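Keep in mind the model is a prediction, meaning the values are calculated, not measured.
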Amino acid sequence: MASSVSGAEEVRVSALTPLKLVGLVCIFLALCLDVGAVLSPAWVTADDQYHLSLWESCWKPAASANWRCSSTLGTDWQIATLALLLGGAFLILLSFLVALVSVCIRSRRRFYRPVAVMLFAAVVLQACCLVLYPIKFIETISLRIYHEFNWGYGLAWGATIFSFGGAILYCLNPKNYEDYY
């Protein structure tokens, strides 16, 4: 911890703790995973005949070699899923930018709470999205073949978990740990 004395007044400059640095890495990983989840063509797949993303639903008729695709933005639950995921991703992007700015300036502590609050809000939005999606999928789409939630859905869960980890790390009180660094 650095301190400078100006007359009788002491100015304390907070040090960047490894916890906050790991938190920043968690936020960056969550952002990357969210981008992958949004762009993923495979949230649900069924054998080699069907795949569903946030943007389109594609199926391959048995007698044809060509895929037929249609937009998924026609149903309310799929629009809500996309909006919740994008809302969470936006909050993660915003918290990443604020956390990055906090690394570049000397007065970091005042940015810790807003970053944590934005990350917790992103976790709530994305958890709602990830619970809504399989419930409404099973309720509305009846596939008579084996289907599974695929890597795009898993990436979104990974982003949510890393966001939660980053939020926890930004909640830890740096005053208790700065003496050790």
> Hey, is CZ on Phe149 packed in by over 12 heavy atoms from elsewhere, all under 6.0 Å?
Replying inline: yes
> Just wondering, more than 12 heavy atoms not from Tyr133 lying within 6.0 Å of its OH?
Replying inline: yes
State, to 0.1 Å, how close [X] and [Y] come at their nearest heavy-atom pair, and which atoms those are.
X: Ala89; Y: Asp34; answer: CA-OD2, 3.5 Å
X: Ser163; Y: Val123; answer: CB-CG2, 3.7 Å
X: Ala122; Y: Gly88; answer: CB-O, 3.5 Å
X: Asn150; Y: Ala42; answer: CB-O, 3.4 Å
X: Leu132; Y: Ala80; answer: CD2-CB, 4.0 Å
X: Ala37; Y: Ala156; answer: CB-N, 3.6 Å

> Given the side-chain rings of Trp59 and Tyr50, with only the six-membered ring counted for Trp, is the space between their centroids under 6.0 Å?
Replying inline: no
Calculate, to the nearest 0.5 Å, the distance between atoms [atom1] and [atom2] belonging to [X] and [Y] respectively.
X: Phe96; Y: Leu100; atom1: CZ; atom2: CG; answer: 5.0 Å
X: Lys20; Y: Phe111; atom1: NZ; atom2: CZ; answer: 14.5 Å
X: Ser95; Y: Ile27; atom1: OG; atom2: CD1; answer: 4.5 Å
X: Thr140; Y: Ile138; atom1: OG1; atom2: CD1; answer: 9.5 Å
X: Cys69; Y: His51; atom1: SG; atom2: NE2; answer: 5.5 Å
X: Leu19; Y: Leu172; atom1: CG; atom2: CG; answer: 5.5 Å

Out of curiosity, does [Y] fall in the hydrophobic cluster containing [X] (side-chain heavy atoms, cut-off under 4.5 Å, transitive links)?
X: Tyr170; Y: Leu93; value: yes
X: Phe162; Y: Val103; value: no
X: Val98; Y: Leu119; value: yes
X: Val124; Y: Val131; value: no
X: Ile168; Y: Val25; value: no

For a 4.5 angstrom cut-off between non-hydrogen side-chain atoms, does [X] reach [Y]?
X: Leu24; Y: Phe28; answer: no
X: Pro41; Y: Trp55; answer: no
X: Phe164; Y: Phe120; answer: yes
X: Gln126; Y: Ile92; answer: yes
X: Tyr153; Y: Val44; answer: no
X: Phe137; Y: Trp77; answer: yes
X: Leu125; Y: Leu91; answer: yes
X: Thr81; Y: Lys136; answer: no

> Short question: side chain of Ser102, backbone of Ala99 - any donor-acceptor pair under 3.5 Å?
Replying inline: yes
> With no hydrogens and no angle check, is any side-chain donor or acceptor of Thr72 less than 3.5 Å from a backbone partner on Leu54?
Replying inline: yes
